[in-house]
There are 2 protein chains.
Amino acid sequence: MEHKDIPDIVVGRLPLYLRTLQHMAQDGRLLTSSQELGERLGISAAQIRKDLSQFGEFGKQGTGYQIEFLIKKLREILHINQEWDLVVVGAGDIGSAVVRYRGFANRGFRVAMVFDSDPDKIGSQVGDFTVQDGSYMVEAIRAARVKVAMLAVPAAQAQEVANRLIEAGICAILNYAPISLNVPPGVFVQYIDPAIHLQRMTYYLV
Amino acid sequence: MEHKDIPDIVVGRLPLYLRTLQHMAQDGRLLTSSQELGERLGISAAQIRKDLSQFGEFGKQGTGYQIEFLIKKLREILHINQEWDLVVVGAGDIGSAVVRYRGFANRGFRVAMVFDSDPDKIGSQVGDFTVQDGSYMVEAIRAARVKVAMLAVPAAQAQEVANRLIEAGICAILNYAPISLNVPPGVFVQYIDPAIHLQRMTYYLV
DNA sequence: TAGATTGTTAATCGATTAACAATC
DNA sequence: TAGATTGTTAATCGATTAACAATC
């Protein structure tokens, strides 16, 4: 049942379903339907049913989906029924904002360590963390068996730092540097670049 | 020639092409090929040629693409041969990091104003900007004819603030709040939610 | 029961790739 | 010229949707 051969585009929608379901649960809701979920997300009801059916039968005809049950299932599917430690690399504006971000709670992640290579930043306090010396990053990550990293260093250093993260055993990188990373198979990268997102919209303007 | 009927998925790749071309130009490079571009981005050469050919003939057989020329064309296509003013709403950690972000330079955007509703933040300095009172946001945006917003307020307020942005004439919103926004046709939204990106990777881990 | 909604199938729609003539 | 690479076509591949039997 684990990993049939799910298209990545389907995997990409599951976190959106989960987020919406968690909002519904917060509102005290118990049941929802593929139609309601679709309306809230701008996705067709058929697609939502098809996506979910790849992993099992989670609903009931005539009734819909029990929100808490579906949340539990999606958390299992996405492997966030555990909490993943995060390493944040780069304690500049973006790195610091990420370290202080409250939005990871109950979503499968917690910041575990913060590194920078700037002597002015090493030893300083960011949120609940002391910025550690990047020179010792590889050993520290390896010792703590951290698998997920957020990369918030300048573009010029991003590839080199990514190489060291991979050497340290990191296999998922959320990259805030505006540059495409080259990584070996088995390492996953996601990109956050506000300018890219903005440009995608200005195409449609005027 | 403007707006035949380009698939959104193609539009979404153009900023990536542009970013890579700008890196090449910075390295002093003059020419590239669909093959080289593809290798750097993990995209097939055929796809890049097909994407670009939707907008014109920008290359030369046997030679490839002149980097500066293609940059110019992509900037025109994406409407970033102008600089767009940005309004940042929310002067918390994320909003402040966005305001101070140096990565918009030469990519078509500049922060123009910053708003918050917290009396402790109003009047304070963030980077080069003074945080303005959110109560006057709609009039200020309308008067300055700003069209693009970055939304960095708590999820609970995001939809309400988005409504006011749209009322003010905003038609592109980059939303950092972890919630799906409901917007009318003609308003575009892009989402940045680190937890969503991370969950998309943990699916593949262990 | 009547109404609602699932899970699934088949049909449609759209995106990607392979291949190659054109030509620099 | 020979080699390289484009722009484009047709074929392949994959994703979405419409429809409906099953059933709660």
Side-chain angles (χ1 to χ4, degrees), chain A residues 1 3-18 20-21 24 29-74 77 200 203-204, chain B residues 1 3-18 20-21 24 29-74 77 200 203-204:
Chain A
M1 184 194 133
H3 275 230
K4 274 188 315 191
D5 189 29
I6 311 295
D8 184 62
I9 199 163
V10 173
V11 174
R13 283 189 294 259
L14 300 181
L16 299 172
Y17 301 162
L18 176 57
T20 303
L21 289 162
M24 290 173 172
R29 304 276 315 284
L30 296 177
L31 279 171
T32 188
S33 64
S34 58
Q35 183 171 36
E36 186 191 31
L37 214 40
E39 274 166 18
R40 288 189 50 160
L41 284 164
I43 290 177
S44 80
Q47 181 159 85
I48 289 173
R49 293 202 300 279
K50 187 117 206 284
D51 286 352
L52 295 176
S53 74
Q54 305 252 26
F55 300 94
E57 307 197 355
F58 303 137
K60 268 206 178 62
Q61 284 105 321
T63 311
Y65 299 91
Q66 286 207 255
I67 290 170
E68 279 302 345
F69 177 75
L70 191 49
I71 287 174
K72 180 166 154 273
K73 286 299 176 185
L74 284 171
I77 292 164
R200 193 173 179 159
Y203 171 82
Y204 296 101
Chain B
M1 185 194 130
H3 275 230
K4 275 186 317 191
D5 188 29
I6 311 296
D8 184 61
I9 198 161
V10 173
V11 174
R13 282 190 294 258
L14 300 181
L16 299 173
Y17 301 162
L18 176 58
T20 303
L21 290 162
M24 289 173 172
R29 304 276 316 283
L30 297 176
L31 279 170
T32 189
S33 64
S34 59
Q35 185 172 34
E36 186 191 31
L37 214 41
E39 273 165 18
R40 287 190 48 162
L41 284 163
I43 291 178
S44 80
Q47 181 159 85
I48 289 173
R49 292 201 301 279
K50 187 120 206 282
D51 286 352
L52 295 175
S53 74
Q54 305 253 25
F55 301 95
E57 306 196 357
F58 303 136
K60 268 206 177 63
Q61 285 104 322
T63 309
Y65 300 90
Q66 286 207 256
I67 290 169
E68 280 302 345
F69 178 75
L70 191 48
I71 287 173
K72 181 166 153 270
K73 287 300 176 185
L74 283 171
I77 292 164
R200 194 174 177 158
Y203 170 81
Y204 296 101

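Here the structure is a predicted model, which is why all the values come from computation and not from measurement. In what follows, every chain begins at residue 1, and chains take the letters A, B, ... in the order their sequences are listed.
B/Leu16 pairs by the side-chain contact (heavy atoms from CB on, under 4.5 Å) definition with A/Ile196, B/Arg19, B/Leu41, not counting sequence neighbours. Every side-chain contact (heavy atoms from CB on, under 4.5 Å) that B/Gln66 has, sequence neighbours left out, goes to B/Leu31, B/Phe69.
Heavy atoms only, all atoms of each residue included: B/Tyr203 and A/Ile77 are closest at CD1-O, 3.4 Å. Between B/Ile9 and A/Arg200, the shortest heavy-atom distance links the atoms CA-NH2, 4.5 Å. Looking at every heavy atom in both residues, A/Tyr17 comes nearest to A/Ile43 through CE2-CD1, 4.0 Å. The two residues A/Pro7 and A/Gln54 come nearest to each other via the heavy atoms CD-NE2, 4.0 Å.
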Check against side chain to side chain contact (heavy atoms under 4.5 Å, CB included), A/Leu37 and A/Leu21: CA-CA 8 Å; A/Leu37 214 40; A/Leu21 289 162; 4.2 Å; yes
Where do B/Ile6 and B/Phe55 land on the side chain to side chain contact (heavy atoms under 4.5 Å, CB included) test, with the steps shown first? CA-CA 9 Å; B/Ile6 311 296; B/Phe55 301 95; 3.7 Å; yes
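Of the residues in residues 38-50 of chain B, B/Ser44, B/Ala46, B/Gln47, B/Arg49, B/Lys50 come within less than 4.0 Å of DNA chain C through at least one heavy atom, sorted by number.
Sorted by first and then second residue, the salt bridge (charged side-chain N to carboxylate O under 4.0 Å, His left out) pairs with a member in residues 33-60 of chain A read A/Arg13-A/Asp51, A/Arg29-A/Glu36; sequence neighbours excluded.
Reading DNA chain C from its 5' end, the first and the last nucleotide to sit under 4.0 Å from a heavy atom of chain A are C/dA4 to C/dT9.
Taken together, the paired segments of DNA chain D that extend over three or more consecutive Watson-Crick or G-U pairs, each closer than 3.5 Å at both contacts, are C:3-24 with D:3-24.
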